[in-house]
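Everything below concerns the one structure shown next.
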Amino acid sequence: MNTVNLGAGNILIPFNNSIIEIDGIIYKDLVVIARLLNSEEITRVLRISVKDAYGADEMFEDIFRSCVVSIPGIKDGSDLEKSSAGFIATVGSAILSKSMSHIDDPIKTFKEYTENVDILDTMSAIVSKYLSTPYLEVKKLPINKLFEMYAVCHKAFPNEVTEIKEQEDTINKDVGVNTDD
């Protein structure tokens, strides 16, 4: 497993101190790496009228199969259908719940994401805009290449792209686009 390359945007679903059996092997402290549902999938789930526990379990299994990226420590080819009772439904339910939390309180969710935007995210957005490169492609660049490209943006557009400098009374860096005309 390559923990550095697990994929941006994935969530971790920990099973702290829980013993889970998968394909006849016992695991403790398992962590499931999954993506959240996309907007089309959420719309489909909201349209489904689940009337019983069996229907809900089927839906959670579908979510599990669609969204689980990996389970570190589980051998490839393991039969996840042969897991502890409720494991797949629990993971599917957690993915659905976390996905729905984004639309249940969009203002709170937006504020949380805004607070987590850091200097590298800002630099990536600026490089993306000024060098016409997709943002997600820029985010995958090695850090030295990101700084190099940001420096190019600053040199090419000094009136729009600020240099990186220390802010007074804080350790945060100031980086961005000038709005002064």
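Computation of the quantities below employed the complete heavy-atom set of this structure, encompassing side-chain atoms and omitting hydrogens, waters and symmetry-equivalent molecules.
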Legend entry - Straight-line distance of N144 CG to M149 CE, nearest 0.5 Å: 11.5 Å
Inset, instruction - Using the rule that two of Ile, Leu, Val, Met, Phe, Trp, Tyr join whenever any of their side-chain heavy atoms come within less than 4.5 Å, decide whether V117 and V138 are in one cluster. - result: no
Legend entry - Pairwise distance CG(L30) to CD1(I22) - rounded to 0.5 angstrom: 5.0 Å
Legend entry - Hydrophobic cluster identity match, V152 and I126, side-chain contacts under 4.5 Å: no
Legend entry - Least distance between heavy atoms, L37 atom then C67 atom: CD2-SG, 3.6 Å
Legend entry - Heavy-atom side-chain contact between H102 and I42 under 4.5 Å: no
Inset, instruction - Please report the C-alpha distance between M123 and I164 in whole Å, then the side-chain angles of each, then the deciding distance to 0.1 Å, and finally whether the side chain to side chain contact (heavy atoms under 4.5 Å, CB included) criterion is met. - result: CA-CA 10 Å; M123 289 173 67; I164 300 172; 3.9 Å; yes
Inset, instruction - Might you point out which heavy atoms bring R35 and S66 nearest each other, and give the distance in Å? - result: NH2-O, 3.4 Å
Inset, instruction - Can you measure from CZ (F60) to CG (L96) and round to the nearest 0.5 angstrom? - result: 6.0 Å
Inset, instruction - Could you walk me through whether H154 and T162 pass side chain to side chain contact (heavy atoms under 4.5 Å, CB included), step by step? - result: CA-CA 6 Å; H154 171 65; T162 63; 5.7 Å; no
Inset, instruction - First locate atom OG of S83, then atom OH of Y27, and finally report the distance between them rounded to the nearest 0.5 Å. - result: 11.0 Å
Inset, instruction - For the residue pair F87 and V32, establish whether any side-chain heavy-atom pair is separated by less than 4.5 Å. - result: yes
Inset, instruction - Please assess L141 against F147 for the test side chain to side chain contact (heavy atoms under 4.5 Å, CB included), listing each intermediate value before the final yes or no. - result: CA-CA 10 Å; L141 292 172; F147 272 84; over 6 Å; no
Inset, instruction - Is it possible for you to say whether I63 and I103 belong to one hydrophobic cluster, with membership spreading through side-chain heavy-atom contacts below 4.5 Å? - result: yes
Legend entry - Spacing of CZ belonging to R44 relative to OG belonging to S39, to within rounding of 0.5 Å: 9.5 Å
Inset, instruction - Taking only Lys NZ, Arg NE, NH1 and NH2, and the carboxylate oxygens of Asp or Glu, determine whether K111 and E115 approach each other closer than 4.0 Å. - result: no
Inset, instruction - Examine distances only and state if a side-chain atom of S97 and a backbone atom of S93 form a donor-acceptor pair shorter than 3.5 Å. - result: no
Inset, instruction - Measure the shortest side-chain to side-chain distance between E41 and L36 over non-hydrogen atoms and say whether it is less than 4.5 angstrom. - result: no
Inset, instruction - Using a 4.5 Å cut-off on heavy atoms from C-beta on, say whether the side chain of L80 contacts that of I71. - result: yes
Legend entry - Atom pair CD1 (I88) and CD (E58), whose distance is rounded to the nearest 0.5 Å: 10.5 Å
Inset, instruction - Give a yes or no on whether the backbone of K98 and the side-chain of S101 come within a donor-acceptor separation of less than 3.5 Å. - result: yes
Inset, instruction - Assess whether atom CD1 of I26 is packed by more than 12 heavy atoms of other residues, nucleotides or ligands within 6.0 Å. - result: yes
Legend entry - Path from I119 to Y135 over hydrophobic side-chain contacts below 4.5 Å: no
Inset, instruction - May I ask you to decide if N16's main-chain N or O and D29's side chain share a donor-acceptor pair within less than 3.5 Å? - result: no
Inset, instruction - State, with a plain yes or no, whether a side-chain heavy atom of V127 is found less than 4.5 Å away from one of T133. - result: no
Inset, instruction - Answer yes or no: is there a side-chain heavy-atom contact under 4.5 Å between C153 and L131? - result: yes
Legend entry - Any donor-acceptor N/O pair, D79 side chain to D23 backbone, under 3.5 Å: no
Inset, instruction - Check whether any side-chain heavy atom of S128 sits under 4.5 Å from a side-chain heavy atom of E137, and report yes or no. - result: no
Inset, instruction - Return the minimal non-hydrogen interatomic distance between N116 and D121, and the atom names on each side. - result: O-OD2, 3.6 Å
Legend entry - Close side-chain approach of I143 and L120, heavy atoms under 4.5 Å: yes
Legend entry - Linked, directly or transitively: Y113 and I11 (ILVMFWY side chains, under 4.5 Å): no
Legend entry - Test side chain to side chain contact (heavy atoms under 4.5 Å, CB included) applied to K139 and L146, step by step: CA-CA 8 Å; K139 288 283 292 179; L146 175 61; over 6 Å; no
